[in-house]
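Working notes for the structure below.
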Number of protein chains: 2
Amino acid sequence: MTKVRTGEGPAERPKAAVMEDVAELAGVSAMTVSRVLNAPEKVRPETRARVLAAVRELDYRPNSAARVLVTGRSGVLGVVCFDTTLYGPASTLYGIEQAARDSDYLVSIASLPALNRSWITRGIDRLRSQSVDGVIIVAPHESAAEGLRNLPAGLPVVDVGGGADLPVPVAAVDQYAGAVRATRHLLSLGHGTVWHVSGPPNWIDASGRVAGWRSVLEAEGREVPEPLVGDWTAHSGYEIGKRLAREPDVTAVFVANDHMAMGVLRALREAGRRVPEDVSVVGFDDVPEAAYFWPPLTTVRQNFGEVGRQAFQLLLDRIAGVDGEARRMVEPELVVRESTGVRA
Amino acid sequence: MTKVRTGEGPAERPKAAVMEDVAELAGVSAMTVSRVLNAPEKVRPETRARVLAAVRELDYRPNSAARVLVTGRSGVLGVVCFDTTLYGPASTLYGIEQAARDSDYLVSIASLPALNRSWITRGIDRLRSQSVDGVIIVAPHESAAEGLRNLPAGLPVVDVGGGADLPVPVAAVDQYAGAVRATRHLLSLGHGTVWHVSGPPNWIDASGRVAGWRSVLEAEGREVPEPLVGDWTAHSGYEIGKRLAREPDVTAVFVANDHMAMGVLRALREAGRRVPEDVSVVGFDDVPEAAYFWPPLTTVRQNFGEVGRQAFQLLLDRIAGVDGEARRMVEPELVVRESTGVRA
DNA sequence: CTCGTCCATGGTATCGGTAACAGATCCCAG
DNA sequence: CTGGGATCTGTTACCGATACCATGGACGAG
């Protein structure tokens with residue numbers, strides 16, 4: 001009954017209780033303890049009570065490694081992601097984590113030093129070696145598609161952000177629809193056409209937004225200016241904004257994210273072009289600060305948390321062996337503030 | 001040699017290779033395979049080569065659950081954190097993750113729905129049940145201290161952000177020093193005193209910044225205005241900014257983070273008070289966009305990535321049993337831009 | 001030529017749980 | 001009073017790796 005300590009070793013810890021200890025204290029077999037923990041209704045209430053009392057007394061906690069070894073399930077899901085300091089990925093990750101917590105899953109993350117096929121594969125491998133039950137990829141880049149070509153058989157995988165023809169289920173915000181709304185909004189204000197500051201090439205969200213923007217202009221028979229390519233940062237938005245400010249016929253700009261939009265706003269202002277009187281600007285994301293930009297930014301809100309939850313749900317289905325719908329699109333929402341106005 | 005498949009079960013997967021399979025293919029015992037993987041120098045080169053060939057051929061990967069069960073080490077570290085969409089925590093997490101990757105550690109995260117003692121304890125428990133080798137707490141809140149009072153013995157824990165008298169090693173940015181620099185900078189520009197927009201009560205960073213700011217004012221014999229308490233959001237900064245704008249004697253404001261500073265800037269501008277001509281504003285964090293605020297924000301840069309790396313290093317030491325230095329302070333840096341100027 | 005030593009490898013027990021089956025117990029009908 | 005099922009609990013055999021000790025062969029010394 002009393003704890004036996006080995007007289008040696010620097011870390012003189014009382015070894016943690018195991019199932020056998022609980023069984024002994026409760027006067028039952030280890031199997032019964034296991035049942036109490038996993039299928040309580042199969043154990044007589046009074047026995048159960050004794051076992052639970054012993055569990056509390058010894059502060060027993062099951063060893064997950066042993067459980068994983070025999071059941072094959074870990075209760076851990078993996079997330080492969082690129083830069084989690086970016087607002088979108090961070091929020092998505094947060095959504096996943098919350099959903100996971102509610103379902104008693106734990107989340108392991110494998111972040112990538114670069115976005116390409118080989119790193120993505122390595123990230124998945126790293127997680128797989130920890131016996132995760134499934135993996136969510138948050139890497140909205142074309143290279144993700146390649147990385148997903150030959151997945152280890154039997155590992156449930158879900159992708160966030162999408163791309164064409166992925167061999168796995170996808171949860172994503174409908175970038176195309178968001179860009180359509182932003183562009184239509186600007187046209188409806190009387191602008192002849194809409195310039196576009198895009199995200200970096202090969203990013204799925206970036207190309208989705210370009211496609212939506214272009215399709216509206218083409219459908220309306222408007223001139224389609226060449227998109228100006230940024231890298232998501234305010235700095236790149238600023239540099240591009242300086243160029244835009246020099247073009248007097250630019251009156252409406254759709255910027256592929258809020259941070260770049262911030263840079264554009266500053267460049268326009270410095271060049272003496274008023275927003276929205278001279279130029280209207282629409283962003284994308286609706287970061288929490290967007291309402292406090294100068295002027296408050298009209299933008300397209302993405303519900304990243306919801307995307308994360310949907311991705312988790314898809315993964316859960318997949319783990320359960322359900323081959324349900326393979327695509328969950330979350331609708332973005334245009335939030336009109338003060339950076340857009342009718343054409344002067 | 002050929003794989004035997006059970007004729008049933010919906011998931012008809014060829015069961016993954018185990019160490020015994022590799023051993024058989026290589027014509028050695030499982031023990032030798034284990035040695036090749038863990039202590040290659042103890043195996044004759046030619047045998048080693050045969051084993052490695054078999055490993056590749058079968059795409060063998062060790063089962064970590066089995067390894068954990070016998071070694072007691074998982075190669076996983078846990079991070080307990082609150083809101084990972086905030087810039088600071090997200091960046092810290094990212095720093096931890098990168099450092100962990102370089103050392104072949106995996107990171108599991110347990111995010112908390114609320115910051116208090118009980119949730120922190122639960123977060124640690126959740127991670128512990130997955131046999132993490134150690135835990136890093138990223139919850140710069142006073143409740144963390146309580147949550148750390150009675151830790152499970154033998155679990156290495158490191159705290160990020162600090163607080164007084166924690167029973168565990170701490171890695172943090174020196175908030176006090178940062179606030180001192182910001183305040184001195186404002187005084188050096190000729191301002192009579194400095195107002196302060198603080199973070200929410202009970203947040204460690206918030207109180208550290210208040211203390212640094214107050215100490216400078218007191219040391220210089222300046223009036224110490226009552227701090228105005230925000231909640232880190234641009235919105236709260238805006239509301240507080242409106243109040244500040246009504247006070248004509250407010251000429252210098254030290255705001256406890258950049259997002260609130262953004263709200264303050266907007267409120268001042270709307271009230272017709274020019275920055276920096278009428279009022280100087282200093283932020284804290286140096287988010288990547290700070291240089292594109294209007295005007296570009298003078299702020300205190302925190303190297304969150306470095307904090308994350310230091311925390312990981314401390315944890316690694318702790319796991320190795322080294323009881324080295326228990327505090328790693330990262331120096332913040334004042335970045336002067338255009339939101340501060342000499343008093344008119 | 002024999003013995004001791006070292007090196008490479010193998011055998012076996014073990015980590016802490018759970019699946020599958022077996023056995024004990026209880027209750028009630030006949 | 002006994003048989004038959006239903007319900008509860010125990011026994012045993014693993015899951016896949018590593019620790020520890022044992023063993024066989026090569027080799028140098030005496």
Side-chain angles (χ1 to χ4, degrees), chain A residues 6 8-9 13-52 54-55 58-76 128-131 133 154, chain B residues 6 8-9 13-52 54-55 58-76 128-131 133 154:
Chain A
T6 60
E8 52 184 337
R13 314 170 181 153
K15 220 180 60 184
V18 299
M19 195 173 265
E20 190 59 42
D21 301 332
V22 176
E24 199 170 330
L25 180 57
V28 296
S29 76
M31 196 60 235
T32 299
V33 177
S34 174
R35 282 198 194 92
V36 168
L37 268 36
N38 298 309
E41 75 285 357
K42 294 188 157 185
V43 177
R44 194 162 18 125
E46 70 184 271
T47 315
R48 192 192 311 159
R50 275 214 319 282
V51 170
L52 289 175
V55 165
L58 297 177
D59 189 30
Y60 167 74
R61 31 202 87 226
N63 178 316
S64 77
R67 178 181 288 173
V68 172
L69 187 55
V70 62
T71 63
R73 307 218 136 174
S74 62
V76 178
R128 189 154 65 116
S129 78
Q130 289 293 331
S131 358
D133 291 342
Chain B
T6 59
E8 52 185 335
R13 314 171 183 152
K15 219 179 63 182
V18 298
M19 195 172 267
E20 189 60 43
D21 301 332
V22 177
E24 200 170 331
L25 180 56
V28 297
S29 77
M31 198 56 239
T32 299
V33 177
S34 175
R35 270 194 279 265
V36 168
L37 269 37
N38 298 308
E41 76 284 358
K42 295 188 156 186
V43 177
R44 194 160 22 125
E46 74 185 86
T47 316
R48 194 192 309 158
R50 275 213 321 282
V51 170
L52 288 176
V55 165
L58 297 177
D59 190 30
Y60 165 74
R61 31 201 89 226
N63 179 317
S64 76
R67 176 181 291 176
V68 172
L69 188 55
V70 62
T71 62
R73 305 220 137 172
S74 61
V76 178
R128 189 155 65 116
S129 77
Q130 290 292 333
S131 359
D133 290 343

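Since we're looking at a predicted model, the values are computed, not measured. Any value given below was found using the heavy atoms of this structure, including those in side chains, with hydrogens, waters and symmetry copies removed.
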Kindly compute the distance separating [atom1] ([X]) from [atom2] ([Y]), expressed to the nearest 0.5 Å.
X     : Y     : atom1 : atom2 : value
A/L69 : A/S74 : CG    : OG    : 12.5 Å
B/R61 : B/L37 : CZ    : CG    : 11.5 Å
B/R48 : B/K42 : CZ    : NZ    : 13.0 Å
B/M19 : B/D21 : CE    : CG    : 11.0 Å
A/T47 : A/R35 : OG1   : CZ    : 11.0 Å
A/E20 : A/E24 : CD    : CD    : 6.5 Å

- Query: Looking across every strand, which nucleic acid part, if any, lies under 4.0 Å from B/V68 by heavy atom: base, sugar-phosphate, or nothing?
  - Reply: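 Nothing, no heavy atom under 4.0 Å.
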
- Query: Touch check for A/S64, heavy atoms < 4.0 angstrom, all strands: base, sugar-phosphate only, or nothing?
  - Reply: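 Nothing: the residue A/S64, judged by heavy atoms under 4.0 Å, touches no strand.
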
- Message: What I'd like to find out is whether the side chain of B/N63 reaches to under 4.5 Å of the side chain of B/V18, using heavy atoms alone.
- Response: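 Not in contact.
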
- Query: How about B/R50 and B/V28: do any of their side-chain heavy atoms sit closer than 4.5 Å?
  - Reply: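 Side-chain contact under 4.5 Å: yes.
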
- Message: Quick check for you: name the first and last nucleotides of DNA chain D, 5' to 3', having an atom under 4.0 Å from a heavy atom of chain B.
- Response: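 Counting from the 5' end, contacts occupy D/dG16 to D/dC20.
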
Measure [atom1]/[X] against [atom2]/[N] and give the value in whole Å, please.
X      : N      : atom1 : atom2 : value
B/Q130 : C/dG17 : CD    : C1'   : 14 Å
A/L69  : C/dG17 : CG    : C1'   : 8 Å
A/E20  : C/dT14 : CD    : P     : 14 Å
B/R50  : C/dA8  : CZ    : C1'   : 12 Å
A/Y60  : C/dG16 : OH    : P     : 10 Å
A/N63  : C/dT18 : CG    : C1'   : 13 Å

- Task: Determine: side-chain N/O of B/R44 to OP1/OP2 of C/dA8, distance under 4.0 Å, yes or no.
- Result: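 The answer is no; no side-chain N or O of B/R44 sits under 4.0 Å from OP1 or OP2.
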
- Task: Output the residues of residues 29-43 of chain A in contact with DNA chain D, where contact means a heavy atom of the residue under 4.0 Å from an atom of the strand; sort by number or write none.
- Result: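 Going residue by residue through residues 29-43 of chain A, the ones with a heavy atom under 4.0 Å of DNA chain D turn out to be A/S29, A/M31, A/T32, A/R35, A/V43.
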
- Kindly determine whether B/Q130 and A/V76 satisfy side chain to side chain contact (heavy atoms under 4.5 Å, CB included), including the steps that lead there. CA-CA 9 Å; B/Q130 290 292 333; A/V76 178; 3.5 Å; yes

